[in-house]
Amino acid sequence: MNETTVNLLDKLENSHSLTLDEYRELVGGYSVEIAEYAAEKAVGIRKKIYGNAVFIRGLIEISNICRNDCLYCGIRRSNANCDRYRLTPEQILNCCREGYSLGFRTFVLQGGEDSYFSAKTVCEIVKDIKNIYSDCAVTLSLGEYSKEDYSAMFSAGADRYLLRHETADKEHYNKLHPEKMSFDNRMRCLYDLKEIGFQTGCGFMVGSPYQTTDTLAKDLKFIETFSPEMCGIGPFISHKDTPFYDKQSGTVEMTCYLLSIIRIMHPNILLPSTTALGTVSPNGRELGIKAGANVLMPNLSPRNVRKKYMLYDNKICTGDESAQCRKCLDIRMKSIGYEVVVDRGDFKKNKISTGEVDSDL
Ligand code: SAH
């Protein structure tokens, strides 16, 4: 094993911080053995804080109508082959009802940037969910709004917000997005969300077109300093009806290595093993958990819309019932020694692990 890379991982474990140059070296120093070393550390750290628990979030894909035109995304505005849909508030509540009975205690409302979902409408839906399921957390993943809008959503009871930064390098950002979209606004949103008090999640795609060791180092440094409560990373996968239709997908190996690094950097972080990871490899989600992730976000959307929320080709579980997915995950997690728990799965603030912390999972 390369000694410099080992030392960097040890340093990250002890100080939770590296310089940009060091992150560059860490990313560039990837090897199978180093990744195993990183995963072992990451799993040990995660175990002390979250035990063997894996948190689940019920993902409700509320709309695939989107005003944006991100070059990588299958539901981008200019994809004329995308069959558009929008769930009604009633359909969303039905998904929550089913999810609750399946043991979900977090609902994630995700969607394209659909003007129908104004802050006012989102607030009404959030209030309805929180009224009925007061023991559940609501996470929003609906893209960019003004600070006032985010504040209103937080006041309405939303607990968390996921907004991947996509890349921490402005030039790279501009290669993934049309001119109308702005890196600075994306970052503004993230800082606003944090300031308002949301448990905030950033994140990026691994192996997105034009990504380099340099841009990845910037992603890691950004994640270090922004210190999010959640971080979503998964491999980029091409979609046939986008400008990136012929670009290579990201790999399981690099995704898992980066998951381990992020766990070592922020021991308490909530880190999903993503559906995209399960799409590039049949046991991708298990590998993600074994690399240090502790969250799964199975689909709770009505079955008849699932194939329409195609961010990338060959997305898994689009033909399954929610109950099937839930059972399948239970079995998959048991098979690797983990347990899916019925819990809101909030971020644990305290750094030190004690028996007490583990026992209240
Ligand atoms: N409109 C919301 C939700 C976007 S979809 C928002 O702007 O945040 C959620 C995430 O899916 C995106 O942030 C992106 O990182 C990821 N994604 C989109 N297209 C993808 C692709 N082709 N491969 C892998 N992940 C993709």
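All ligand and atom numbering here is 1-based and tracks the order in the structure. The shown structure was predicted, so the numbers you read here are calculated from the model rather than taken from an experiment.
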task: Taking atom 4 (C) of ligand 1 as the reference point, report whether a protein heavy atom occurs under 4.0 Å from it.
output: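 So atom 4 (C) of ligand 1 lacks protein heavy-atom neighbours under 4.0 Å.
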message: Before we go on, tell me: are the rings of Y72 and F236 under 6.0 Å apart, centre to centre?
response: no
message: Taking the ring of Y191 and the ring of F226, is the distance between their centroids below 6.0 Å?
response: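 Yes.
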query: Does a donor on one side chain sit under 3.5 Å from an acceptor on the other, for T5 and N7?
result: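 Judged by distance alone, the side chains do not pair up.
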message: Under 3.5 Å, is there a donor on one side chain and an acceptor on the other for D219 and H165?
response: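 Present: a donor and an acceptor within the cut-off.
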message: Could you check whether atom NZ of K41 has more than 12 heavy atoms from other residues, nucleotides or ligands sitting under 6.0 Å from it?
response: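 Above 12, so yes.
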Could you tell me the residue and atom name of the protein heavy atom closest to [atom], and the distance to it rounded to 0.1 Å?
{"atom": "atom 19 (N) of ligand 1", "result": "Y72 CD1, 3.4 Å"}
{"atom": "atom 11 (O) of ligand 1", "result": "L311 CD1, 3.5 Å"}
{"atom": "atom 2 (C) of ligand 1", "result": "G111 O, 3.4 Å"}

- line: Quick note, side chain to side chain donor-acceptor pair (under 3.5 Å) partners involving residues 309-331, not counting sequence neighbours, are E61-K315, Q110-Y309, R303-E321, R306-S322, K307-T318, R326-D330
message: Taking only non-hydrogen atoms of G232, do any sit less than 4.0 angstrom from ligand 1?
response: no
Ligand 1 contact on P235 by region, counting heavy-atom pairs under 4.0 Å: backbone
- prompt: Of Q110, R186, M310, R164, which has the heavy atom at the shortest distance from atom 7 (O) of ligand 1?
  reply: R186
Residue selection (non-hydrogen contact nearest atom 17 (N) of ligand 1) among M205, H165, K315: M205
Per-atom contacts, ligand 1 versus E166 - under 4.0 Å to a heavy atom: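 Selected atoms, number and element: 12 (C), 13 (O), 14 (C), 15 (O).
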- prompt: Within a strict 4.5 Å, meaning less than it, do heavy atoms of the N294 and I289 side chains meet?
  reply: no
query: Is the shortest N/O to N/O distance between I237 and ligand 1 below 3.5 Å?
result: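 Yes, since at least one N or O of I237 sits under 3.5 Å from an N or O of ligand 1.
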